[in-house]
Structures are given as C-alpha cells and as structure tokens.
Amino acid sequence: MSATNAATARAVRPAELPRTRRAPLTAISGGAAQRGRRLDVVRAPLHAKSRVPFFVLCATLMIGSLVAVLVLNTTLARGSYEMSQLQGDVAQTAQDVQVLEEGLSAAETDLPDKARSLGMVPAENPTMVSVRTGKVVKGTDQ
C-alpha cells in the first residue's frame, strides 16, 4: 500500500473507539499445563437421533385432524340440508291440514242448506241402533 492510499484509508475509516485492556490470562490449577499434555483424547459426540419419526407423527396427526374436520363439516352440512327439507315438508303438511279443515268447516255449515234443497226435513224423534247392544233405541232414550 502506498503512503497516499494509507492516508486516504485512515481518513475514510470511522472514528476508532478506545480499546479496553483485558486482564492477562492465567493458568488454572489442575489444567492442561500441569498435566503435561496439551491434547486429550475425547469421546466422539453422540449422533443425534433422527427426527423423521417425529415429523411423520406430526404430519399424520395434522392430516388426521384435517380429515376429521372435513368429515364433521360434511356430516353437519348434510344434516342441515335434511333438516331444511323436513321443515319444508312439515310446513306443506300444515298448509294441507289447514286447507282440509277449512273445507270441512265449510261443508258443515252448508249441510243443512243442501239437505233442505234435496227435500229432507229434520226428524223429530229419530230412531237408532245401538252398536253396543244391537237393539233399536229411540233418540230420546239414549
């Protein structure tokens, strides 16, 4: 490096921080210096266990839970569809019953007028057959 390059390099550097002094290193009693050897034989590190089974277990649990949620959601949707269909059937049946009851009440109110138009007259003392006994009973005896 030339003198001009060194001067420009120092000028470009940011202001240097003051260096702190560290305490000198000292030997610890019982260390390698007292044993007379610098290197010791150490056992090789144990190989880490494979993490593949853990990841397979996690993936299986995740996939299983997703399938369970999908089945549950599908079942609830099917149940909701069937419920709405049955509610529609109940509403239709209620309307049919209401129409039939209106027809029955209309027929009951029109019955005496139709009987008179056919020439029928009300019976003053009707006679009936008792279903329990099988005997003929007059209307007043009941």
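Fair warning: this is a prediction, and the values are worked out from it, not measured in the lab.
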Hey, can you pull the donor-acceptor pairs under 3.5 Å for the side chains in residues 103-118, sequence neighbours left out?
{"residue": "S105", "atom": "OG", "partner": "E101", "partner atom": "O", "Å": "3.4"}
{"residue": "S105", "atom": "OG", "partner": "E102", "partner atom": "O", "Å": "2.9"}
{"residue": "T109", "atom": "OG1", "partner": "S105", "partner atom": "O", "Å": "3.3"}
{"residue": "T109", "atom": "OG1", "partner": "A106", "partner atom": "O", "Å": "2.8"}
{"residue": "D113", "atom": "OD1", "partner": "R116", "partner atom": "NH1", "Å": "3.4"}
{"residue": "S117", "atom": "OG", "partner": "K114", "partner atom": "O", "Å": "2.7"}

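Nearest heavy atom pair, residue P53 against residue S50, reads CD-O, 3.6 Å. Nearest approach of S130 to V137, heavy atoms of both residues: CB-CG2, 3.9 Å.
Inspection of the Q92 and D96 side chains reveals an N or O donor paired with an N or O acceptor under 3.5 Å.
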Let me see the working for L86 and V90 under side-chain contact (heavy atoms from CB on, under 4.5 Å), right down to the final yes or no. CA-CA 6 Å; L86 290 174; V90 166; 5.5 Å; no
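With values rounded to the nearest 0.5 angstrom, C58 atom SG is found 11.5 Å from I63 atom CD1. Between the CE atom in M62 and the CG atom in L57 there is a gap of 11.0 Å [rounded to 0.5 Å].
Partner L72 forms a side chain to side chain contact (heavy atoms under 4.5 Å, CB included) with one of L76, T74, V69 and no other, that one being L76.
In this structure, L66 and L70 have side chains that are not in contact, with every pair of non-hydrogen atoms separated by 4.5 Å or more.
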